[in-house]
S.K.: 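Sharing a structure below in structure tokens format, with a few things to ask.
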There are 2 protein chains.
Amino acid sequence: MTLRPTQACEHCTLRQLCLPVGLPQHELWQLDEIVQQRRPIEKGTALFNMGSRFDTLFAVRTGALKTVLNTDDGTEQITGFALAGDLLGLDAIHSGQHPVSAVALESTSVCAVPYTHVDDLADRLPTFRQHMMNVMSQGLAQDESLHALLGQRTAEQRLATFLVTLSERHRARGLSTERFYLPMSRADIANHLGLTQETISRLFTQLRKQGVISLHTRDLEILEPQSLRNAAGVTITPAASSA
Amino acid sequence: MTLRPTQACEHCTLRQLCLPVGLPQHELWQLDEIVQQRRPIEKGTALFNMGSRFDTLFAVRTGALKTVLNTDDGTEQITGFALAGDLLGLDAIHSGQHPVSAVALESTSVCAVPYTHVDDLADRLPTFRQHMMNVMSQGLAQDESLHALLGQRTAEQRLATFLVTLSERHRARGLSTERFYLPMSRADIANHLGLTQETISRLFTQLRKQGVISLHTRDLEILEPQSLRNAAGVTITPAASSA
DNA sequence: CGCTCTTTTGACTAGATTCAATGGTCGTGG
DNA sequence: CCACGACCATTGAATCTAGTCAAAAGAGCG
């Protein structure tokens, strides 16, 4: 099952996840007026490139993208994966330039909101301003968890955590937490987690043999969620976290 | 609550770096009215603990802190180091709970701003709201660079990049970029960079032997800035366009 | 001045990478 | 509709970077 947003924010299935969060019904139309639809982006093409001018905030409607940071020696770092309902471009506000590229992992459609309008909304609607602050704050906290993952955890723990996190993100979207499609390649997962694709492949094989997951190409089924959480090893203590 | 009379933001040397950025003179007094001073925090003690309620934003006046994320198996991840002028607590806005602890690395004093007042200022002063968005956006972008550092770089590149970054932060504060004190231990640096203290120690020895740095205990001098940048290896290139 | 914590150095180990080759999948065009 | 080619995934063997364990030297504090 896929999420099929309708044109108006008011009727969008992602309403509880995306920009409209917390906006009263009668204010949603203000958002609707400025949201622009774009034709779907083909798999492998960029929504925007690193270094390009930032003037538009994007929200993923359907599909998935990876955000990629390029270094001058040709290496890449995939800093995250954006799923339906996620916002793209918040990291570019301060400099006016995108610090990463956003590349579609599959055919993807987005909503585009000129940032001047976002700023204007934030000015007029306190609820909206607070929502924007909340989203950015959550991003900062998630980055800290990711830092801990990369800094302290083994390859197996990183992959298991990645899968658990993906599962949780599907839950937030009302999708199955046990069965879902991985829109990214093994190499993408590896790069994101600071590992190599060979290591990821070996770990997948291992998890399959242990009966924890079933994985055919990119169709994942989590057979033993608790085992996977155990493999992830660590939960962060204060309260439930997500990433 | 032992609050001393507020000292004016207007005359603070960190004015260009901290919360007052972009506020016109006549609006600074609004900030001054709500900023509370606190008695200095002793080295090793926490300004706030992970999991504790968030209701106050902090700005470092003097000294330095580390932000630490604890996992339930006893490991720690130092997610960052806060220097004079840096803000603490932005990652807690969305959940109302601190996702990290902030621990003083030396005797440290901070300004405390109740978050309700910050929100109120953001409501009344568009410039202030935009500054807050900018600071958080910059934080997100910095986290992405850090992700690339941990995910793709060797131990030597990580340490060299860390030193270069520290040097740049000193520059932003009008301090010497070539000579400064390291307020954190080798173990702290190691933890932050996803390495061990032994590795950091060996790398420092190596950089000393190469004549790139001079380091006595925690007094650092960068003798050959260019060599250090070379050792850092990579600079991030949003040079895709700009201009 | 002595105790403790931090830093340095050495020897050995191990988890993950690299290099290399084979096996699968999928889209495209004959 | 099947075959080809490109890309993605898996597996194996050898290597290496950084970690672990251990011990000694140095700095700071009461």
S.K.: Going 5' to 3' on DNA chain D, which nucleotide is the first and which the last to come under 4.0 Å of a heavy atom in chain A?
M.R.: D:dC8 to D:dA13
S.K.: Could you walk me through whether B:F58 and B:L47 pass the side chain to side chain contact (heavy atoms under 4.5 Å, CB included) test, one step at a time?
M.R.: CA-CA 9 Å; B:F58 297 98; B:L47 173 60; 3.6 Å; yes
S.K.: Do the side chain of B:S167 and the main chain of B:T165 share a donor and acceptor less than 3.5 angstrom apart?
M.R.: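 Not confirmed, B:S167 side chain does not pair with B:T165 backbone.
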S.K.: How is B:S201 classified with respect to the nucleic acid when contacts are heavy atoms under 4.0 Å: base, sugar-phosphate, or nothing?
M.R.: base
S.K.: Select one nucleotide: of C:dT17, C:dT8, C:dC26, the one nearest the side-chain heavy atoms of A:T217.
M.R.: C:dC26
S.K.: Is a donor on one side and an acceptor on the other found under 3.5 Å between the side chain of A:S107 and the backbone of A:K43?
M.R.: no
S.K.: Pick the nucleotide of DNA chain C nearest each of A:T154 and B:R186; which residue has the one closer to the 5' end?
M.R.: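 Whichever sits nearer the 5' end wins; that is B:R186.
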S.K.: For A:N191 and C:dT17, what is the distance between atoms CG and P respectively, to the nearest whole Å?
M.R.: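 Going from CG in A:N191 over to P in C:dT17 covers 11 Å.
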S.K.: Nearest-Å distance, CD (B:E198) to P (C:dT9)?
M.R.: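 It works out to 13 Å between those atoms.
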S.K.: Apply side chain to side chain contact (heavy atoms under 4.5 Å, CB included) to B:V110 and B:R61, showing your working.
M.R.: CA-CA 5 Å; B:V110 299; B:R61 286 172 64 81; 5.6 Å; no
S.K.: Would you kindly give the CZ-to-C1' distance between B:R218 and C:dT8, to the nearest whole Å?
M.R.: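 Rounding to the nearest Å, CZ of B:R218 and C1' of C:dT8 are 14 Å apart.
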S.K.: Is there a donor-acceptor contact under 3.5 Å from the side chain of B:E76 to the main chain of B:T71?
M.R.: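 The answer is no, because no donor-acceptor pair under 3.5 Å joins these two groups.
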S.K.: Going by the rule side chain to side chain contact (heavy atoms under 4.5 Å, CB included), which residues pair with A:L223 if we only count those two or more places apart in sequence or in a different chain?
M.R.: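 Result, side chain to side chain contact (heavy atoms under 4.5 Å, CB included) vs A:L223: A:S214, A:E221.
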S.K.: Strictly below 4.0 Å: does A:R202 bring a side-chain N or O up to OP1 or OP2 of C:dG15?
M.R.: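 The answer is no; no side-chain N or O of A:R202 sits under 4.0 Å from OP1 or OP2.
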S.K.: Strictly by modelled atom types, are A:R153 and B:T75 linked by a side-chain donor-acceptor pair under 3.5 Å?
M.R.: yes
S.K.: Describe the nucleic acid contact of A:T199 in one word from base, sugar-phosphate, nothing, applying a heavy-atom distance below 4.0 Å.
M.R.: base
S.K.: Tell me what A:G44 touches on the nucleic acid: a base, only sugar-phosphate, or nothing, going by heavy atoms under 4.0 Å.
M.R.: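 A:G44: no heavy atom of the nucleic acid under 4.0 Å.
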S.K.: Could you tell me the separation between the CG atom of A:L193 and the C1' atom of C:dG15, rounded to a whole number of Å?
M.R.: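 It works out to 16 Å between those atoms.
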S.K.: Roughly how many Å is it from CG in B:L215 to P in C:dT6, rounded to a whole number?
M.R.: 16 Å
S.K.: Whole Å only: how far is the CG atom of B:D219 from the P atom of C:dT6?
M.R.: 17 Å
S.K.: Quick check on the helix from C:dC1-D:dG30 to C:dG30-D:dC1: what's the angle between its two end axes, five base pairs per end, to the nearest 10°?
M.R.: 40°
S.K.: Can any side-chain N or O of A:R38 pair as donor or acceptor with the backbone N or O of A:S109 at less than 3.5 Å?
M.R.: no
S.K.: Give one of base, sugar-phosphate or nothing for B:L195, where a contact means two heavy atoms less than 4.0 Å apart.
M.R.: sugar-phosphate
S.K.: Check the angle between the aromatic planes of A:H98 and A:F48 and answer parallel, tilted or perpendicular using the 30° and 60° thresholds.
M.R.: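 If you compare the ring of A:H98 with that of A:F48, the planes turn out parallel.
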S.K.: Does a side-chain N-to-carboxylate-O contact under 4.0 Å join A:D219 and A:R179?
M.R.: no
S.K.: Rounded to the nearest angstrom, tell me the gap between atom CG in B:L203 and atom P in C:dT7.
M.R.: 14 Å
S.K.: Would you mind classifying the nucleic acid contact of A:R208 as base, sugar-phosphate or nothing, using non-hydrogen atoms under 4.0 angstrom?
M.R.: sugar-phosphate
